[in-house]
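Step one of this worksheet: look at the structure below.
By convention in this document, chain letters (A, B, ...) are assigned in the order of the sequence lines, proteins followed by strands, and residues within each chain are numbered from 1.
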Amino acid sequence: MPLKVYNSYTRQKEVFNSITPGHVGMYVCGPTVSGESHLGHARPYITFDFIFRYLTYKGYKVRYVRNITDAGHFEEEGREAEDKVGKKAILEKLEPMELVQKYTNLFHWAMLQFNCVEPSIEPTATGHIVEQINMIEKIIAEGYAYEVNGSVYFDLKKYAATHDYGKLSGRIMDDLLETTRELDGQQEKRDKADFALWKSAAPEHIMRWKSPWGEGFPGWHIECSAMATKYLGAEFDIHGGGMDLQFPHHESEIAQSTICNKHSPARFWIHNNMITINGKKMGKSYNNVIKLTEMFSGNHPLLTQAFAPMTVRFFILQSHYRSPVDFSSETLQASEKALKRLWEAYEVLKKLPVNIQAQGTDAALETKVLQWINEFDEFMDDDFSTAKILANMFELAPVINGIKDGHIAVNALSGATVVLLQKQFKNYLEDIFGLTHTTAGDEGALQGVMQLLIDIRKQSKAKKDYATSDKIRNQLTTLGIELKDEKDGGMSWNR
RNA sequence: GGUCCUGUGGCCGAGUGGCUAGGCAAAGCUCUGCAAAAGCUUCUACAGCAGUUCGAAUCUGCUCGGGACCUCCA
């Protein structure tokens, strides 16, 4: 069954075939490391993480490039032309690169918490100034960019005359050219809609590089084009990012690359939707961000508690990546419980006995179960419908628990089905969805201590010494360890 | 103002023209020393109006509401 992916460029689901058989080149716009990542940032990285994992599962060798934007951009194009990173660095009296390092580290830490696979290449903008300059020179040579006072602009009017600028974002070129918006310092552009490829640096600018046009810094869009081209070639399979990057960032990337490489850069454009908070997009301009560190610590007025990274990851998986999701503490709490339930069923499944005999299987149940399992791949192939797979898992959970509890006969499912169930749960939960234990139960010493406590509790229960057995359980509860009595007299624990 | 998306049960959220998505919450029952967990059961919705159709939450139109982008933005 072929993988179908919604392509933002054509606005429809298309069968995915990679350019080079067996290989996939994927570029995803990475973070600007001038500040701390917030919940909204988590969505694209988790989304493209499970896309990366799924492509790998499908047998592709994926080169996943995700950049680090550390060069800084103008805060308001054409106005102050202030370098974001440089500006904050002055305020905080830090070296720009010190700031970059700090937020890069913090970003990497967050990605690790989310169990995101590291990209194959994580290039930095500052490390690719030469490539960017080369690309700009090429565009000038092609006649699609012009230099004014040490800055270089892309000639959009000329480009749009022969190319479909605005197709990706559904923008109409005439509207862009007629924008009534008044911006200062726009006089040097031939047209208001022209975007900067290179900006000359004002004296107060800290981050600056030598270029054929004087000292300055690269425009926002050129870095992605340059790095994507360098590591993935003129045409590659997937370009990803948040929906809010469609315009102008991705649209401009297409223009730059098309002129420079004579080719539209990406076959598939994949965009994730936004995380909203009370219906409004989470973003700096709205002043409604919850930083990831606040998320994990619960230290934020809107949070009733701390939320584990895996809860956030699960929360994101529970809805389709192209739908907006509204954040609230209550919703996250629901996700937390749901994940716990699912994970416990998974733990049970792992230990489920595999029926060897083919006799006594419940054909109806067997059919149902097989259908639910087989739909995993089907749903994922249908534009990564993670939410539907989770729903099927929740359908399967009562079956798994039922077998354990004895409501369902042990041999109701054939051995092959149980093995398949175990395999697919592992493939999906761990390998594709990238979920992990929030409970760390593998420390040897703790295991031993718990076993000891369980033994003592079993003994006291056998003697009907409930005071002791309750004391053990209650004390453990206050330590955050949950102890449960099993049907067969056994006990299990988790935290 | 322009372009586009969207409106599902108490809450969150899938969704295909005809068959119970799922999760959380709530209620009852079973199991159990108690508890927790688990299992079973109940709560069956698609903004409004009109149309297409044998049949629409799913298609079309209008109305109302929400959002994104148009400016840095995941």
Side-chain angles (χ1 to χ4, degrees), chain A residues 11 28-32 34-35 37-48 72-79 84 166 169-172 174-176 178-181 183 193 220 240-249 251 271-276 279-286 289 314-315 318-320 322-328 330-342 344-345 348 379 385-395 397-408 461 464-466 469-470 473-474 477 482-487 489 492 494:
Chain A
R11 289 156 197 269
V28 176
C29 291
T32 301
S34 62
S37 300
H38 59 72
L39 180 61
H41 295 117
R43 172 104 106 141
Y45 305 127
I46 289 173
T47 299
F48 289 100
H73 306 297
F74 6 101
E75 285 196 321
E76 225 171 3
E77 192 181 19
R79 189 169 285 173
K84 220 196 248 178
S169 54
R171 210 73 18 160
I172 296 159
D174 290 344
D175 292 350
L176 294 171
E178 281 166 22
T179 311
T180 52
R181 179 171 293 275
L183 290 173
W220 176 36
M243 268 175 91
D244 51 354
L245 293 181
Q246 275 188 185
F247 188 89
H249 185 53
E251 201 72 74
H271 292 98
N272 64 276
N273 215 314
M274 303 290 105
I275 289 183
T276 60
K280 276 265 186 295
K281 171 183 165 184
M282 187 177 288
K284 258 178 253 172
S285 15
Y286 294 107
V289 302
F314 185 79
F315 167 70
Q318 266 184 308
S319 59
H320 190 90
R322 283 191 290 113
S323 304
V325 260
D326 198 54
F327 162 86
S328 73
E330 298 75 57
T331 305
L332 261 283
Q333 271 168 28
S335 295
E336 185 180 80
K337 286 190 180 171
L339 174 59
K340 185 166 181 266
R341 178 172 145 79
L342 189 59
E344 284 181 9
V348 170
F379 290 155
S385 299
T386 54
K388 290 166 89 172
I389 293 163
L390 290 174
N392 274 21
M393 287 181 171
F394 280 107
E395 295 277 16
V399 177
I400 294 164
N401 289 326
I403 293 173
K404 183 199 168 212
D405 285 357
H407 297 114
I408 297 171
K461 271 188 73 173
K464 296 204 192 296
D465 175 11
Y466 296 122
S469 68
D470 285 352
R473 191 174 59 195
N474 293 340
T477 303
E482 188 185 25
L483 195 63
K484 289 187 290 197
D485 291 342
E486 303 290 342
K487 278 249 156 59
S492 67
N494 65 63

Original post:
Hey, does the side chain of A:Glu251 reach the backbone of A:Gly166 with a donor-acceptor pair shorter than 3.5 angstrom?
Top reply: yes
Subject >> Face-to-face contact A:Phe394 to B:rG23 six-ring, under 5.5 Å, under 30° >> reply: no
**OP:** Return the set of residues passing side-chain hydrogen bond (donor to acceptor under 3.5 Å, both in side chains) with A:Asp405 (not counting sequence neighbours), or none when no residue passes.
**Re:** none
**OP:** Identify which nucleotide among B:rG22, B:rC70, B:rA74 has an atom closest to any side-chain atom of A:His38, counting heavy atoms from C-beta outward.
**Re:** B:rA74
**OP:** Indicate for each nucleotide in nucleotides 35-43 of chain B, in 5' to 3' sequence, whether protein heavy atoms under 4.0 Å reach the base (B), only the sugar-phosphate (S), or nothing (-).
**Re:** BBSSS----
Subject >> With A:His320 via side chain to side chain contact (heavy atoms under 4.5 Å, CB included) - residues at least two apart >> reply: A:Arg322, A:Ser323, A:Asp383, A:Ser385
Subject >> Set of residues satisfying side chain to side chain contact (heavy atoms under 4.5 Å, CB included) with respect to A:Ala345, sequence neighbours excluded >> reply: A:Ala397, A:Asn401
**OP:** With the side chain of A:Asp244 defined as its heavy atoms from C-beta on, choose the nearest nucleotide among B:rA14, B:rC69, B:rC34.
**Re:** B:rC69
Subject >> Residues forming a side-chain hydrogen bond (donor to acceptor under 3.5 Å, both in side chains) with A:Thr47, sequence neighbours excluded >> reply: none
Subject >> Residue list, side-chain hydrogen bond (donor to acceptor under 3.5 Å, both in side chains) with A:Thr276, at least two apart or on another chain >> reply: A:Asp326
Subject >> Quiz item: A:Asn392 side-chain donor-acceptor pair to B:rG22 base, under 3.5 Å >> reply: no
Original post:
Any idea which heavy atoms bring A:Ala338 and A:Phe314 closest together, and the distance?
Top reply: CB-CE2, 3.8 Å
**OP:** Calculate the interatomic distance between A:Gln246 atom CD and B:rC69 atom P; express it in whole Å.
**Re:** 11 Å
Original post:
Which one, B:rG22, B:rC24, B:rA74, comes nearest to the side chain of A:Asn272?
Top reply: B:rA74
Enumerate the protein-to-nucleotides 45-48 of chain B contacts in which both atoms are nitrogen or oxygen and the separation is below 3.5 Å.
none

Could you list all N or O pairs between the protein and nucleotides 25-29 of chain B that sit under 3.5 Å apart?
{"residue": "B:rA25", "atom": "OP1", "partner": "A:Lys337", "partner atom": "NZ", "Å": "2.8"}

Close N/O contacts between protein and nucleotides 4-13 of chain B (under 3.5 Å):
{"residue": "B:rG13", "atom": "OP1", "partner": "A:Asp326", "partner atom": "N", "Å": "3.2"}

Original post:
Taking only residues two or more places apart in sequence or in another chain, which ones pass side chain to side chain contact (heavy atoms under 4.5 Å, CB included) with A:Ala334?
Top reply: none
Subject >> A:Asp244: side chain to side chain contact (heavy atoms under 4.5 Å, CB included) partners, not counting sequence neighbours >> reply: A:Met274, A:Lys281
Subject >> Which residues share a salt bridge (charged side-chain N to carboxylate O under 4.0 Å, His left out) with A:Glu482, sequence neighbours left out >> reply: A:Lys340
Subject >> Value rounded to 0.5 Å, distance of CD1 in A:Ile400 from CD1 in A:Ile408 >> reply: 9.5 Å
**OP:** Would you indicate, yes or no, if B:rA74 has its OP1 or OP2 atom less than 4.0 angstrom from a side-chain nitrogen or oxygen of A:Tyr286?
**Re:** no
